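Just below is one structure, and these are the notes that go with it.
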Amino acid sequence: MACVNAKYVSQKISKTRWRPVSHSSLQQPDIFAAGSWDNEDNKISFWSIGNYGDLGMEDGFEGEPQLLCEHKHDGDVLDLQFLDQDRIVTASSTGAVNIFRHHHNSQTISVSQHWPRAHSYPCDNAPCTGVVCSSPEIVTVGEDGKIIVFRADHEGITRVIENADSSTIHAVTYLRTTEILTVNSIGQLKLWDFRQQSNTPSQILSLSGDRVPLHCVDRHPNQQHIVATGGQDGMLCVWDVRQGNTPFSLMEAHSAEMWEVHFHPSNPDHLFTCSEDGSLLHWETSSQSDMPSFLQGGRNNSMLSRSAMAPAGGNQSLINTWLSGDSSKGRLETSHMLPSQTLSVNSLDVLGQCLVCGTDGEAIFVNRQVSV
Amino acid sequence: MEEVDVEPAVTNIPSASAGKHLGFAWGPGDILVYETLYKRSGASQSGYPFIHEVRKDEDIYSPILRKLFNESHHIFVGLQTIKEDLPSKNKKPQFVSISKNYRSVIRACMEELRQVAVSSKDAEEAMQSGNQVSILLAIELIWNLCEVLFIEAAPAGSLLLHLLDWVRLHKPVDEKTREVLQSESPAEHHDYWDVVLGYVLQGRLEEARQMLMKQATLQPAARSMFKLMDTLLSKMPFYDPSGTQTLTEFDVKWRHWHEEVDRCLQDNSFASNQHLELICKILVGDEDTLLEHKELLSTWYHFLVTRLLFCHPTVKPVELHFYAQSCMTMFLDPRSVPEPLDSILLAAFEFDIHQVIKDCSIALNNWWFVAHLTDLLDHCKLLQSHNLHFGSNLREFLLLEYASGLFTHHSLWQLAVDYFDHCPEFGRVYLELQIERVPLDTERKALKVLRICEQRQMSEQVRSICKIMAMRALRNNRLGSALSWSIRAKDAAFATLISEKFLQDYCNRGTFSDLDLIDNLGPAMLLSDRLTFLGKYREFHKLYGEKHFGEAAKLLLSLMTAKIAPRSFWMTLLTDALPLLEQKEVIFSAEQTHELMFCLEELTSSLNTITPGTDRPMQEEDIEVTKVELLRLALARNLAMAIVKEGTVEA
């Protein structure tokens with residue numbers, strides 16, 4: 001906890017995302033984007049944590065994040081993803097989907113693409129709740145139960161799946177290049193295969209019985225069949241989409257809605273969750289096998305970011321620690337990453353050794369020495 | 001009527017010229033003002049179509065002050081969790097550290113505002129920030145004094161040390177001192193002696209000695225005199241609260257020193273150097289000398305502390321108010337009216353906590369300061385159970401005011417929730433009334449509001465929020481969403497309404513929409529009869545689709561016999577039975593067929609009693625009649641087959 005930096009930013013933060021770094025430079029991320037919600041004027045902003053030749057790297061004393069630039073955003077920022085090094089895609093509560101470009105030289109932001117009312121009802125706005133992208137393709141989901149596919153360079157809409165869900169779709173992630181996974185407010189995971197023309201999911205997985213809404217989903221970076229979700233009751237579920245229609249394991253994590261779950265992109269034995277209860281948890285499965293940890297999954301991803309796809313065919317034969325992991329035997333360790341906090345942690349992102357999260361207490365926390 | 005403490009401020013409403021009549025409505029933090037439709041005879045001008053919002057508190061909209069609200073919220077919540085059962089001795093350091101935390105937040109805010117005030121190009125913004133800085137400065141000054149006097153409650157001896165710290169903190173090294181120290185030869189600077197005096201007046205004797213040393217080297221002739229002054233300064237005793245020395249011992253020691261200084265003054269040891277003589281006079285605590293240097297002291301409370309330092313270092317808390325009062329009268333121009341800050345500080349020196357809080361409430365335009373200070377003092381058990389004739393007690397009243405103000409803010413309302421939580425008497429009622437009025441733009445926000453309500457078992461509010469969301473979903477024809485919301489609220493009536501809609505949809509289109517939801521109702525199905533029916537009916541279709549005819553038939557029949565299906569839907573169910581009756585193998589047993597027949601008869605008899613009144617077109621009636629005929633035929637045939645089959649098996 002010693003190296004957590006807090007910065008009060010005078011706006012409730014709904015999303016924080018690191019700018020992806022290319023693997024060649026072995027760098028830690030230095031810039032993140034943040035989006036606000038519930039303000040009269042919402043904003044997206046870019047922040048630097050200033051790693052450029054800092055003297056204080058060794059003793060862990062570094063300045064707080066510095067604002068690089070900000071831009072007005074219509075409606076709450078409900079989701080935020082980097083499309084590439086300088087473009088971000090946002091999902092707005094007005095139902096709009098936007099692409100903003102960050103100009104590094106002048107430190108300004110401009111709108112490079114705008115789809116107003118992409119998600120909408122005939123006479124009302126339907127908030128767009130989630131976005132995922134694999135450049136140039138962008139997939140968004142919304143309260144209207146639609147799944148929409150865009151291409152970053154096309155003005156039109158590539159594909160719409162109307163009535164993909166009868167309830168709100170809360171989050172979306174890529175499973176493979178042509179497959180996405182959505183989670184909804186009645187506790188279901190739906191797999192969609194874009195190669196098929198039909199507008200029905202290729203598979204539905206669900207929590208048995210109590211229909212707890214699911215709010216977030218993340219896929220294991222190397223083993224694409226492993227998926228983690230978080231729900232309204234704060235429970236962390238790990239699923240194997242190849243086997244069975246029910247979760248592989250359920251772990252009690254938070255006492256309120258889990259807003260985000262993320263596998264560490266390069267060291268997926270680590271997982272991070274944050275919640276409405278104001279906590280941020282770091283989960284670690286210790287792989288107690290003799291297998292050296294470098295065999296646990298390919299680390300040579302071309303881009304260390306979730307928005308990018310991991311190379312297909314990660315070593316599937318290895319038993320994943322998340323599936324073999326058995327919390328009762330103490331192989332799974334969790335630790336709190338924030339000092340006591342009462343207001344919701346809405347978003348987190350982790351890349352390399354750096355973690356950033358944003359809260360309803362109008363603070364952004366940056367931890368640069370995550371032990372992974 | 002109670003008397004008014006200060007004249008209320010006048011706010012001019014721009015549009016309201018003379019002769020116009022204004023109406024108003026109270027809000028939690030602001031007032032709505034509008035022009036009423038009042039026409040004087042003869043006047044014919046039309047009304048002014050605007051509603052004005054009059055805000056008392058603008059600070060809440062300042063982005064920098066928002067940090068103050070957010071950070072102090074965190075401290076506030078921490079303070080509330082301090083265990084009640086700890087012995088008060090252990091609590092004091094905790095309270096002091098919390099008080100310091102609050103002050104450091106104020107200071108951080110002040111620094112940021114000061115930078116804006118300096119760097120801003122917008123003159124108005126700069127001025128506004130400048131004003132806020134001076135307000136925060138005053139707030140911090142008052143808070144710090146309250147901390148020393150009330151929370152720390154320092155006894156005689158250490159009291160003066162705390163007061164010295166207080167003065168030093170709020171009169172930091174000024175521009176002049178910096179200039180002198182940075183000049184090439186400080187001792188020759190024309191402000192040199194002011195700086196030395198400044199140090200002496202604040203009791204920073206080490207610094208004063210160092211400065212004097214510089215001067216001494218320039219005047220080798222007066223060396224012995226400087227040496228004497230240096231000895232006097234170095235010998236001045238300060239009370240050490242952690243040491244073994246008792247207060248009496250210290251007092252004796254101090255008197256001894258004081259006499260020595262006095263002797264030096266009497267025998268004109270410093271007569272040849274007016275500056276050193278002046279210092280000596282200050283050390284001996286000569287009031288007239290002190291008052292001659294008002295500009296160096298700048299405030300009466302600095303004068304007070306300096307006077308105590310050199311005259312009454314063992315001042316007791318109870319004696320403070322006497323010195324404070326006299327210093328204020330001596331220092332301030334008798335013709336001038338004391339500023340609010342002066343009377344607040346004086347009230348503090350008089351240990352009149354309630355007066356401090358009252359004066360602060362009047363002087364400041366927001367409740368942040370008084371609410372947090374009062375809460376802290378209340379935790380220190382310093383406020384007598386001073387019940388107000390409105391609300392519960394002072395602490396709660398102020399917290400409620402502050403939190404209500406936060407709730408009017410579009411974004412800070414979330415902070416207010418925790419404040420309401422810690423108001424035992426009226427907090428919940430306030431929260432209940434306010435939380436329902438939070439605008440819900442997205443489901444995410446609704447979920448956050450719901451979580452707040454559910455954690456506090458506010459079932460009424462939970463129901464109302466879910467209903468709002470369900471209604472919105474229904475309006476947008478999102479039946480699935482609407483049903484989910486009413487299930488969450490356990491709102492049986494609404495669930496029934498939506499289930500009806502689903503069934504209607506089915507009757508019109510012949511297919512179900514939102515199968516993903518209906519197929520996964522689970523135990524939620526039991527919320528309302530109609531919903532149960534919807535779920536079961538869908539189950540029947542599923543069984544039928546999967547060709548589990550036997551089970552499907554059983555389910556269908558039970559829907560009618562157990563009276564789960566509404567009577568209006570029976571015809572549809574019976575029609576659904578037709579293809580099952582027409583199957584090659586016997587699905588309905590003889591007994592089941594009897595029951596089906598019974599259902600049909602019950603339905604037709606009730607229909608017959610109703611039909612005469614209605615004027616349905618003949619064609620539709622015909623269809624109904626044919627349907628019944630067909631059913632009767634199918635039932636009869638099925639019965640025959642069933643009897644034969646059952647008979648043969650048994651035989």
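Since this is a predicted model, take the numbers as computed values, not measurements. Letters A, B, ... mirror the listed sequences (proteins, then strands); counts begin at 1.
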#### Entry: Spatial distance of atom CG (B:Asn476) from atom SG (A:Cys123) [nearest 0.5 Å]
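B:Asn476 atom CG to A:Cys123 atom SG measures 5.5 Å (nearest 0.5 Å).
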- Task: Mind checking the CG-OG1 spacing from B:Asp421 to A:Thr342? Nearest 0.5 Å is all I need.
- Result: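 If I round to the nearest 0.5 Å, the distance is 10.5 Å.
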Original post:
Using non-hydrogen atoms and a limit below 4.5 Å, what part of residues 100-112 of chain B faces chain A?
Top reply: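 So far as heavy atoms go, nothing in residues 100-112 of chain B approaches chain A to under 4.5 Å.
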[X] (side chain) donor-acceptor with [Y] (main chain) under 3.5 angstrom:
{"X": "B:Lys445", "Y": "A:Asp38", "value": "no"}
{"X": "B:Arg451", "Y": "A:Gln232", "value": "yes"}
{"X": "B:Gln414", "Y": "A:Asp360", "value": "no"}

Using non-hydrogen atoms only, which part of A:Gln188 is less than 4.5 Å away from chain B: side chain, backbone, both, or neither?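 Only the side chain of A:Gln188 comes within 4.5 Å of chain B.
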Side chain from CB out, backbone as N, CA, C, O: work out which of these in A:Thr94 comes under 4.5 Å of a heavy atom of chain B, or both, or neither.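 For A:Thr94, no heavy atom lies under 4.5 Å from chain B.
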Open item on the list: Between A:Glu276 and B:Lys448 (salt bridge meaning N to carboxylate O under 4.0 Å), is one present in this structure?
Closed with: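 B:Lys448 and A:Glu276: salt-bridged.
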- request: Identify the two heavy atoms, one from B:Ala524 and one from A:Arg211, that lie closest to each other, and give their separation to 0.1 Å.
  value: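 Scanning both residues, the minimum pair turns out to be CB-NE, 4.2 Å.
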Can you see which heavy atom on B:Ser481 is nearest to which on A:Ser167, and at what distance?
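Scanning both residues completely, I find the closest heavy atoms to be OG-CA, 3.8 Å.
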Looking at B:Leu65, B:Leu415, B:Asn70, which has the largest count of heavy-atom pairs under 4.5 Å with chain A?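 Highest number of heavy-atom pairs under 4.5 Å: B:Asn70.
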Between B:Ile487 and chain A, with a heavy-atom cut-off of 4.5 Å, which part of the residue counts as in contact: side chain, backbone, both or neither?
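Side chain only.
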Margin query: For the CD atom on A:Glu252, are there more than 12 heavy atoms of other groups (residues, nucleotides or ligands in this structure) within a distance under 6.0 Å?
Written below: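 Counting other residues, nucleotides and ligands, CD of A:Glu252 stays at 12 neighbours or fewer.
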So among A:Thr168, A:Asn125, A:Asp76, which one has a side-chain contact (heavy atoms from CB on, under 4.5 Å) with B:Thr442?
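Of A:Thr168, A:Asn125, A:Asp76, side-chain contact (heavy atoms from CB on, under 4.5 Å) with B:Thr442 is met by A:Asp76 alone.
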